[in-house]
Structures are given as structure tokens and as C-alpha cells.
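For reference, the structure is listed below as C-alpha cells.
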Amino acid sequence: MYSELETHYGYLFEKELLEEISKIAIYKEVTKGTTLMSIGQYVKSMPILLNGAIKILREDSEGDELLLYFLEKGDTCAMTLTCCTGNKKSEIKAITELDTRLLMIPVEKMETWLATYKSWRDFVLNSYHHRFMELLDTVDTIAFKKMDERLLKYLKDKKAVTGNKVIKSTHQEIAYELHTSRVVISRLLKKMEQEGRISLRRNAVYVL
DNA sequence: TCATTAACACGGG
DNA sequence: CCCGTGTTAATGA
């Protein structure tokens with residue numbers, strides 16, 4: 001595990017920190033579609049992604065959901081950074097988008113490392129900033145853009161995260177994540193297909 | 001004007 | 001047949 005940690009994070013962390021991480025972190029393999037975190041759950045460790053992707057969703061009391069952003073290799077979850085220090089409950093839901101391998105770091109360690117390793121502090125602050133920007137981008141999209149642009153961003157993000165032009169989702173699933181109805185998604189996808197930007201199959205969308 | 005909801009027909013697996 | 005898809009009509013914001 002150490003060598004893999006070094007290939008992904010060697011440019012960020014010094015040797016002693018890499019060794020500490022490999023000693024303490026719990027290695028996990030998670031298959032696609034697993035719920036890693038639900039709203040209201042307590043956060044007691046911090047995930048670091050080795051590969052794969054995780055989608056972060058907000059959910060209202062009726063269970064309607066809204067996609068916030070994706071976490072990828074080298075990312076960590078910003079919510080844990082705020083939640084775990086104050087022993088607060090999670091405000092978000094996290095589901096693996098792909099088969100994902102990750103390291104879980106206990107809260108106490110992640111806090112002590114903040115004091116001992118500058119590289120760790122930089123990493124945490126940078127991820128926090130990065131997540132915040134991502135969130136702002138999503139807020140802009142929701143607040144100022146119409147559904148067709150939101151759908152386009154969704155398809156682009158999904159393509160980037162999976163590294164695949166083929167997005168395997170039904171119109172209904174897309175509608176849930178964007179918090180709208182299937183009719184709208186079907187209509188917009190059809191329009192985009194006529195414009196030659198995508199190609200539609202059953203259970204799949206080809207981004208061109 | 002555009003989203004939502006309900007309803008219906010088509011067709012592929 | 002069942003489910004995903006495409007479309008329409010009615011209603012509302």
C-alpha cells in the first residue's frame with residue numbers, strides 16, 4: 001500500500017507523513033453504488049481517494065436529492081473536515097460513482113497532523129478551497145442557469161469522472177440527481193440529440 | 001414561458 | 001410482459 005500511496009501522494013507529502021498514513025489508515029475497497037455516508041450520520045474518519053469517484057448529494061426531508069459535486073483521485077471530502085472536528089453530523093450523502101479504493105484516516109490523527117505536518121495542513125486547506133469553489137460553481141449553475149445548461153454540465157462532469165463518453169443512466173436517474181422531472185430530461189436530451197451533440201440509446205447517453 | 005404531473009403508445013430485452 | 005422512452009394535454013408558477 002505504501003508504494004501506491006507514494007505514487008498518488010508522494011509529490012504532496014514528505015516521507016514520514018506517508019509512512020504514518022500507511023501505518024494508520026484503513027484501506028477500503030468499495031464497489032460502485034455504495035452509500036458511504038448518509039445525512040445525520042456521525043463522521044469519525046476522513047476519506048482519501050486512491051482512485052475511482054464519489055458523488056456528493058444533498059437531500060431534503062422528502063428524500064429528493066440534488067447532485068453537488070464529484071470527488072476524484074487525490075480529493076478528500078470537505079464535509080468531514082468541518083464535521084469531524086466538532087463531532088457534528090453529516091449534512092450530505094456520499095455514494096460511490098465507480099468502484100473506488102480509499103484510505104480512511106481517524107479524526108484524531110488528521111487533527112494532530114495539522115499541527116505537525118505543513119504539507120498536511122496545505123493539503124487540507126487546498127482541498128477545502130477546491131471543494132468550496134466546486135460548490136460555488138454548482139450554486140451558479142443552479143441559481144443562474146436553465147435546465148438545459150445544467151444538464152450539459154451534468155453530462156460533462158459525468159463524462160470527466162468516468163472517463164467514458166457513454167453515460168449509463170436512465171432519464172429518470174438523471175432527473176433525480178438534477179432534481180427535476182423525467183419529461184424535462186427526455187425533452188432536453190432529445191433536443192441535444194437533434195443538435196448532434198449527443199446520441200441516445202436505451203439506458204445510455206453518448207456524449208460526442 | 002417553462003416545469004410538473006398524469007396518461008398513453010411504442011418497442012426492445 | 002415490463003420498463004425505458006417519447007409525446008401530449010392540463011395545470012400551475
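Letters A, B, ... are given to chains in the order of the sequence lines, protein chains preceding strands, and every chain is numbered from 1. Only a predicted model underlies this, so the values are computations on that prediction, with no experimental measurement involved.
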Item to complete: Measure from CD on A:Glu149 to P on B:dC2 and round the result to the nearest Å.
Response: 13 Å
Item to complete: Could you verify whether a donor N or O on one side chain and an acceptor N or O on the other, from A:Glu14 and A:Ser119, lie under 3.5 Å apart?
Response: yes
Worksheet item: Aromatic rings A:Phe123 and A:Trp120: how do their planes relate, parallel, tilted or perpendicular, breaks at 30° and 60°?
Response: tilted
Would you tabulate the nitrogen or oxygen pairs shorter than 3.5 Å linking the protein to nucleotides 9-11 of chain B?
| from | atom 1 | to | atom 2 | distance (Å) |
| --- | --- | --- | --- | --- |
| B:dG11 | N2 | A:Arg202 | NH1 | 3.3 |

Response to the item:
All stems that DNA chain B takes part in, i.e. 3 or more consecutive Watson-Crick or G-U pairs with distances under 3.5 Å, are B:1-13 with C:1-13
Discussion item. Under a 4.0 Å threshold between the charged nitrogen and the carboxylate oxygen, would A:Glu193 count as salt-bridged to A:Lys190?
Written reply: yes
Item to complete: Please list, in 5' to 3' order, the outermost nucleotides of DNA chain C lying under 4.0 Å from any heavy atom of chain A.
Response: C:dC3 to C:dT8
For residues 175-186 of chain A, dump all side-chain donor-acceptor pairs below 3.5 Å to protein atoms at least two apart in sequence or in another chain.
| from | atom 1 | to | atom 2 | distance (Å) |
| --- | --- | --- | --- | --- |
| A:Glu177 | OE1 | A:Tyr154 | OH | 2.9 |
| A:Glu177 | OE2 | A:Lys55 | NZ | 2.4 |
| A:Arg182 | NH1 | A:Ser186 | OG | 3.1 |
| A:Ser186 | OG | A:His171 | ND1 | 2.9 |
| A:Ser186 | OG | A:Arg182 | O | 3.2 |

Fill in: Of residues 187-201 of chain A, the positions that come close to DNA chain C - non-hydrogen atoms, cut-off under 4.0 Å
A:Lys190, A:Leu200, A:Arg201
Worksheet item: What are the residues of residues 166-181 of chain A, sorted by number, that bring a heavy atom to within less than 4.0 Å of DNA chain C?
Response: A:Thr170, A:His171
Worksheet item: In Å, rounded to the nearest 0.5 Å, how long is the span from NZ of A:Lys158 to CD1 of A:Ile174?
Response: 7.5 Å
Worksheet item: Taking 4.0 angstrom as the limit, do A:Lys93 and A:Glu59 come out as a salt bridge?
Response: yes
Discussion item. On DNA chain B, does the nearest nucleotide to A:Arg182 precede the nearest nucleotide to A:Met147 from the 5' side, or the other way round? Give the residue.
Written reply: A:Met147
Practice prompt. Would you kindly check if the NZ (Lys) or CZ (Arg) of A:Arg131 is within the cone defined by 45 degrees around the ring axis of A:Tyr69 and under 6.0 Å from the six-membered ring centre?
Written response: yes
